[in-house]
Amino acid sequence: MHPNIAKILVTEEEIRDRVAVLGQEITNDYRGKKLLLVGILKGSAVFMADLMRQIDLDVQIDFMVVSSYSNSTQSQGHIQIRKDLSTDINGRDVLVVEDMIDSGTTLYYLNEILQVRGANSVEFVTLLNKPSRREKPVDVRYIGFDVPNEFVVGYGLDFAENYRNLPFVGVLKPECYES
């Protein structure tokens, strides 16, 4: 285990097994549809790469960079689109891939934007869900794991761009981010 990790919340094996289940559910639900996976960078990159290999359909992918955190451990409440889609989503079934849903502010905002742009449907899949932190109502169709309100890193999630490469999800020791 990494020396800055207080404990492991979700093991590499648990992630692998759950991603396979999510991939099968998505395959069943989107059969016969024009599925577009939209990854929210940078955190979703690892999850999305593993997830799309578990979906037994033709899928297209695109990415957005949407930020509400900066280098903080708390959402700042305002959303910035730093990189927008390059794909026309009009008439498409869009599945937004997130690493973690916390306050729900980012996805609430994205849902409105993607609907206005003419998506046939907009759904969400997240590796991690923190329901105790929810501030905005967001209907999340696919959830990997509910986690407690602790600062987590690994499997794509970071603090100040570090720890993304850990193969598990762990709780970062407070002394690493408190200053």
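What you see below is based on every heavy atom in this structure, not just the backbone, and it leaves out hydrogens, waters and symmetry mates. In this chain, residues are counted from 1 in sequence order.
- Contact between Ile143 and Leu22 at its shortest, heavy atoms only, is O-CD2, 4.0 Å.
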- side chain to side chain contact (heavy atoms under 4.5 Å, CB included) evaluation trace for Ile8 with Val169: CA-CA 6 Å; Ile8 295 176; Val169 174; over 6 Å; no

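- Aromatic ring pairs are classed by plane angle as parallel below 30°, tilted from 30° to 60° and perpendicular above 60°; the pair Phe151 and Phe159 is perpendicular.
- Counting heavy atoms from C-beta outward, Leu107 and Glu98 have side chains that approach closer than 4.5 Å.
- Judged as a salt bridge (Lys or Arg N to Asp or Glu O under 4.0 Å), the pairs with a partner in residues 26-41 (not counting sequence neighbours) are, in order, Asp29-Arg141.
- Within 6.0 Å of the NZ atom in Lys130, the count of heavy atoms belonging to other residues, nucleotides or ligands exceeds 12.
- When all heavy atoms of Phe145 and Glu14 are compared, the closest pair comes out as CZ-O, 3.4 Å.
- Put simply, the side chain of Ser44 never gets that close to the backbone of Phe47: no donor and acceptor are under 3.5 Å apart.
- Proximity of Arg18 to Val10: side-chain heavy atoms (C-beta onward) are nowhere separated by under 4.5 Å.
- A distance-only check finds no donor-acceptor pair linking the side chain of Glu178 to the backbone of Glu175 [under 3.5 Å].
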- Message: Could you walk me through whether Leu172 and Val152 satisfy the side chain to side chain contact (heavy atoms under 4.5 Å, CB included) test, starting with their C-alpha distance in whole Å, then the side-chain angles of each, then the deciding distance to 0.1 Å, before giving a yes or no?
- Response: CA-CA 6 Å; Leu172 188 62; Val152 295; over 6 Å; no

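- A donor-acceptor pair is defined here as one N or O able to donate and one able to accept, closer than 3.5 Å; such a pair exists between the side chain of Ser103 and the backbone of Thr105.
- No path of Ile, Leu, Val, Met, Phe, Trp and Tyr side chains, each step under 4.5 Å between heavy atoms, connects Val21 with Leu9, placing them in separate hydrophobic clusters.
- We find that Lys83 and Asp62 are joined by a salt bridge, their nearest charged nitrogen and carboxylate oxygen being less than 4.0 Å apart.
- Residues Met100 and Asn129 have side chains not in contact (no heavy-atom distance under 4.5 Å, counting atoms from C-beta outward).
- Taking the six-membered ring where the residue is Trp, the centroids of Phe168 and Tyr155 are separated by 6.0 Å or more.
- Note that the NZ atom of Lys173 and the CD1 atom of Ile5 stand 8.5 Å from one another [nearest 0.5 Å].
- Atom-to-atom distance recorded for Leu35:CG and Asn120:CG is 11.5 Å, nearest 0.5 angstrom.
- Two residues are said to be in side-chain contact when any heavy atoms from C-beta on lie closer than 4.5 Å; Met64 and Arg82 fail this criterion.
- Taking both residues in full, the closest heavy atoms of Val94 and Ala119 are given as CG2-CB, 3.9 Å, listed atom of the first, atom of the second, then distance.
- Rounded to the nearest 0.5 Å, atoms CG (Leu127) and CG (Asp99) are 7.5 Å apart.
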- From CA spacing to verdict: side chain to side chain donor-acceptor pair (under 3.5 Å), Asn28, Gln24: CA-CA 6 Å; Asn28 293 339; Gln24 186 58 54; 3.0 Å; yes

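- Contact check for Leu36 versus Asp93: no side-chain heavy atoms found under the 4.5 Å cut-off.
- Here Leu166 contributes atom CG and Leu157 contributes atom CG; the two are 10.0 Å apart, rounded to the nearest 0.5 Å.
- When all heavy atoms of Val153 and Asp158 are compared, the closest pair comes out as CG1-C, 3.8 Å.
- Residues Leu37 and Met48 meet the side-chain proximity criterion, which asks for heavy atoms closer than 4.5 Å.
- Proximity of Val125 to Val96: side-chain heavy atoms (C-beta onward) are nowhere separated by under 4.5 Å.
- Between the CD1 atom of Ile26 and the CD1 atom of Ile55 there is a distance of 4.5 Å, given to the nearest 0.5 Å.
- Contact of the Tyr30 side chain with the Glu123 side chain is registered, since non-hydrogen atoms from C-beta on lie closer than 4.5 Å.
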- Message: Working note: Val38 + Val97, criterion side chain to side chain contact (heavy atoms under 4.5 Å, CB included); need CA distance, chi angles, decisive distance, verdict.
- Response: CA-CA 6 Å; Val38 174; Val97 182; over 6 Å; no

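- Counting only distance, with no hydrogens or angles, the side chain of Arg133 and the backbone of Asp102 share no donor-acceptor pair below 3.5 Å.
- Arg117 contributes no side-chain N or O that, together with a main-chain N or O of Asn90, makes up a donor-acceptor pair within less than 3.5 Å.
- Asp56 CG: 12 or fewer foreign heavy atoms inside a 6.0 Å radius.
- With sequence neighbours left out, the side-chain hydrogen bond (donor to acceptor under 3.5 Å, both in side chains) criterion links Gln60 to Arg92.
- Of all non-hydrogen atoms in Thr126 and Leu128, the two that sit nearest each other are OG1-O, 2.8 Å.
- Nearest heavy-atom pair across Asp146 and Pro131 is OD1-CD, 4.0 Å.
- Rounding to the nearest 0.5 angstrom, the gap separating the CZ atom in Phe63 from the OG1 atom in Thr87 is 10.0 Å.
- Applying the ring pair (Phe, Tyr, Trp, His ring centres under 6.0 Å) test to Tyr142 and every residue at least two apart in sequence or in another chain returns nothing.
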- Item | Criterion side chain to side chain contact (heavy atoms under 4.5 Å, CB included) on Tyr163 and Asn4, from CA distance to verdict | CA-CA 9 Å; Tyr163 310 105; Asn4 292 343; 2.9 Å; yes

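- Around NZ of Lys136, the count of heavy atoms belonging to other residues, nucleotides or ligands within 6.0 Å does not exceed 12.
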